[in-house]
Engineer: 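Can you read through this structure? Questions will come right after.
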Amino acid sequence: MVISVTTVIRKDAERFLRELKAHYGDAWRMPRSNYLSKPDFVVVDPKSGKKTKVSFVSLDDGEVVGVVYDDLG
């Protein structure tokens, strides 16, 4: 059994996304994605309070193919 626990990261959310996009060729903003119902990360900007949900998307073979994210405001 695999239990997924969301990790909260306190960092500049925009910079975090830029870094992810630099390392992963595909990064999609998908507000209503099922992948974001239990995100891998929630990035909280300590200055603005802005939150961003981030999930890694992979195929059945386990190969990571991209990142899905959405701003929570």
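Note that the coordinates shown come from a computational prediction; the quantities given were computed from them, not determined experimentally. Basis for what follows: all heavy atoms, side chains included, without hydrogens, waters or symmetry-related copies.
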Engineer: Are the aromatic ring centres of Phe41 and Phe56 under 6.0 angstrom apart?
Structural biologist: yes
Engineer: Provide the closest heavy-atom pair for Pro39 versus Ser55 in the form atom of the first, atom of the second, distance.
Structural biologist: CA-OG, 3.1 Å
Engineer: Working note: Lys50 + Asp71, criterion side chain to side chain contact (heavy atoms under 4.5 Å, CB included); need CA distance, chi angles, decisive distance, verdict.
Structural biologist: CA-CA 8 Å; Lys50 177 181 176 181; Asp71 300 331; 3.8 Å; yes
Engineer: Got Val42 and Thr52 here, is their nearest side-chain heavy-atom distance under 4.5 Å?
Structural biologist: no
Engineer: Restricting to salt bridge (charged side-chain N to carboxylate O under 4.0 Å, His left out), what partner residues turn up for Arg18, sequence neighbours left out?
Structural biologist: none
Engineer: With sequence neighbours excluded, what pairs up with Glu19 under the side chain to side chain donor-acceptor pair (under 3.5 Å) test?
Structural biologist: Lys11, Arg15
Engineer: According to side-chain hydrogen bond (donor to acceptor under 3.5 Å, both in side chains), does anything in residues 24-37 pair up with another residue at least two apart or in another chain? List the pairs.
Structural biologist: Arg29-Asp70
Engineer: At their closest point, which heavy atom of Lys53 faces which heavy atom of Leu36, and how far apart are they?
Structural biologist: NZ-O, 3.5 Å
Engineer: Does the pair Val54 and Val43 meet the rule for a side chain to side chain contact (heavy atoms under 4.5 Å, CB included), with working shown?
Structural biologist: CA-CA 8 Å; Val54 179; Val43 183; 4.3 Å; yes
